[in-house]
Protein chains: 2
Amino acid sequence: MTLGPRPRALLGVLREANAELSGQELHERLKQASPRHGLATVYRNLRLLQRSGLVRCRKLPNGESVYAPLERDDHHLTCVGCGHSEPLPICPVGTGGLGLTKVLLQGFKPLFHTFEIHGLCRSCQQSEPLAHG
Amino acid sequence: MTLGPRPRALLGVLREANAELSGQELHERLKQASPRHGLATVYRNLRLLQRSGLVRCRKLPNGESVYAPLERDDHHLTCVGCGHSEPLPICPVGTGGLGLTKVLLQGFKPLFHTFEIHGLCRSCQQSEPLAHG
DNA sequence: CGTATGCTGAGAATGGTTCTCGTTCTAGCA
DNA sequence: TGCTAGAACGAGAACCATTCTCAGCATACG
């Protein structure tokens, strides 16, 4: 598989970054190197890299998608109140995967997984006396 | 915690449904019972129910959110090519949770989790000779 | 009865992402 | 070098699920 210059630059920015980046943020950074780099191209190449198994993606509560290199395996704690999301240093899946049987996958080729715990952060618990119980 | 009539109807529709429903679908169904039920109210009450620990939510690749009762614990296999998502009858988290330490949670109150395997479905593997390797 | 508070519906606004389409780049070839 | 076909690109418009705004209505309470 050969990557064109645009996708390669995109992947480079993602790998240098120490956090997940959104499409908009990636666009900002890529424009610094090539000012005419378009937003559509950013999203086009993000899809390409994702299908190629080089980039992973997840959606934040506010609707934007954030991207990271596939090899980074972070999971998250996300507040359903304020939408704040922070890394969670655990992974429920061993390195060898879940031992998914071929029966379960039925020809599906896994590339990456997302695991997220949703709940209420400390400050949203205080401001919202709704918590069930 | 007391639920008003609108949130209660919403939760009822979700519990009757045998699949996750989007905000738009919920609106459609709720209008059948009360034709003037507004879309804003659907989303308002979805947020309310989510914060109350009664409803869970996840985002599909096409950007819409789908909702289910908290007690339903399904996970998914989602194609990064076509966006198709189907239930996966496994859960990486035991009933007792992950044994998350208080140190990790730092006051965060977990309500539910999402687990999703992203990859390429059989037909997207065929149409896209991109697969890395 | 009068007022405060909260919930609601209708429609406008928002904003990340995708689409359109004319242009530009690249590869292959003579 | 000059030419052509096809792929990739950029700019801006379009899309659409969701959120916001705000006036109207219901309920509770004095």
Side-chain angles (χ1 to χ4, degrees), chain A residues 1-11 13 20-52 55-67 78-83 85 118 127-130, chain B residues 1-11 13 20-52 55-67 78-83 85 118 127-130:
Chain A
M1 187 184 58
T2 310
L3 247 38
R6 289 285 191 263
R8 201 158 47 235
L10 187 42
L11 190 53
V13 170
E20 300 165 293
L21 296 177
S22 69
Q24 311 283 337
E25 285 166 338
L26 282 162
H27 184 216
E28 278 307 310
R29 300 199 186 189
L30 287 162
K31 275 197 301 187
Q32 290 172 15
S34 20
R36 306 201 357 144
H37 198 132
L39 186 55
T41 302
V42 173
Y43 285 109
R44 246 192 308 256
N45 290 328
L46 279 170
R47 277 201 300 275
L48 171 72
L49 290 169
Q50 210 180 338
R51 281 200 295 266
S52 305
V55 161
R56 65 169 65 222
C57 157
R58 80 182 167 110
K59 292 203 172 292
L60 300 180
N62 69 10
E64 49 177 27
S65 301
V66 288
Y67 302 85
T78 299
C79 179
V80 300
C82 61
S85 187
H118 302 260
S127 54
E128 290 284 348
L130 292 170
Chain B
M1 188 183 55
T2 309
L3 245 39
R6 288 287 191 262
R8 202 159 45 235
L10 187 44
L11 190 54
V13 170
E20 299 165 293
L21 296 177
S22 69
Q24 310 283 337
E25 286 166 337
L26 282 162
H27 184 217
E28 280 307 310
R29 300 200 185 190
L30 288 162
K31 274 197 301 186
Q32 288 172 15
S34 18
R36 306 195 2 140
H37 198 134
L39 186 57
T41 301
V42 173
Y43 285 109
R44 246 192 305 257
N45 290 329
L46 280 169
R47 277 202 300 275
L48 172 70
L49 290 169
Q50 211 180 338
R51 281 199 295 266
S52 304
V55 161
R56 66 168 67 221
C57 157
R58 81 182 166 110
K59 292 204 173 292
L60 299 181
N62 68 11
E64 50 176 25
S65 300
V66 289
Y67 301 85
T78 299
C79 179
V80 300
C82 61
S85 186
H118 301 260
S127 54
E128 290 283 351
L130 291 171

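Sequence lines set the chain letters: A, B, ... in the order given, protein chains first and strands last, and positions in each chain run from 1.
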Colleague: Roughly how many Å is it from CG in A/Leu39 to C1' in D/dC9, rounded to a whole number?
Modeller: 13 Å
Colleague: Could you tell me the separation between the CD atom of A/Glu64 and the P atom of D/dA17, rounded to a whole number of Å?
Modeller: 19 Å
Colleague: Going by side-chain contact (heavy atoms from CB on, under 4.5 Å), B/Tyr67 matches just one of B/Glu25, B/Arg56, B/Glu20, B/Gln50. Which one?
Modeller: B/Gln50
Colleague: Where does the chain B footprint on DNA chain C start and end, counting 5' to 3' with a 4.0 Å heavy-atom cut-off?
Modeller: C/dT8 to C/dA10
Colleague: Round to the nearest Å and state the distance from A/Leu46 atom CG to D/dA8 atom C1'.
Modeller: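 To the nearest whole Å, that distance equals 15 Å.
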Colleague: Return the 5'-most residue of the pair A/Gly23, A/Arg44 with respect to DNA chain C, ranking by each residue's nearest nucleotide.
Modeller: A/Gly23
Colleague: Quick one: does A/Leu49's side chain get under 4.5 Å of A/Leu3's, heavy atoms only?
Modeller: yes
Colleague: Locate the shortest heavy-atom distance separating A/Val42 from A/Gly23; write the atom from each residue and the value.
Modeller: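 Minimum heavy-atom separation between A/Val42 and A/Gly23: CG1-O, 3.8 Å.
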Colleague: Does D/dG10 have its OP1 or OP2 closer than 4.0 Å to a side-chain nitrogen or oxygen of A/Thr41?
Modeller: yes
Colleague: Output the rounded distance in Å from CG (B/Asn45) to P (D/dT18).
Modeller: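 Distance, rounded to whole Å: 15 Å.
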Colleague: In whole Å, what is the span from the CD atom of B/Glu25 to the P atom of D/dA17?
Modeller: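 For the pair B/Glu25 CD and D/dA17 P, the rounded distance is 10 Å.
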Colleague: Rounded to whole angstroms, how far apart are CD on B/Glu28 and P on D/dA17?
Modeller: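 From B/Glu28 CD to D/dA17 P: 11 Å.
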Colleague: Is there side-chain contact between B/Gln32 and B/Val13, with at least one heavy-atom pair below 4.5 Å?
Modeller: no
Colleague: How close or far is atom C1' of D/dG12 from atom NE2 of A/His27, stated in whole angstroms?
Modeller: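 Nearest whole value for this atom pair: 12 Å.
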Colleague: By nearest heavy atom, map B/Ala40 and A/Ser65 onto DNA chain C; which one lands nearer the 5' end?
Modeller: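 Comparing both residues, the 5'-ward one is B/Ala40.
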Colleague: Output the rounded distance in Å from NE2 (A/His37) to C1' (D/dA11).
Modeller: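 In whole Å, D/dA11 C1' and A/His37 NE2 are 13 Å from each other.
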Colleague: Could you give the distance from CG (B/Leu11) to CG (B/Leu48), rounded to the nearest 0.5 Å?
Modeller: 10.5 Å
Colleague: About how many Å separate CG of A/Leu21 and CD of A/Glu64, when rounded to the nearest 0.5 Å?
Modeller: 10.5 Å
Colleague: Contact class for B/Asn62 vs. all strands (heavy atom < 4.0 Å): base, sugar-phosphate, or nothing?
Modeller: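 No contact.
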Colleague: Heavy atoms, side chains only, cut-off 4.5 Å: are A/Cys57 and A/Leu46 in contact?
Modeller: no
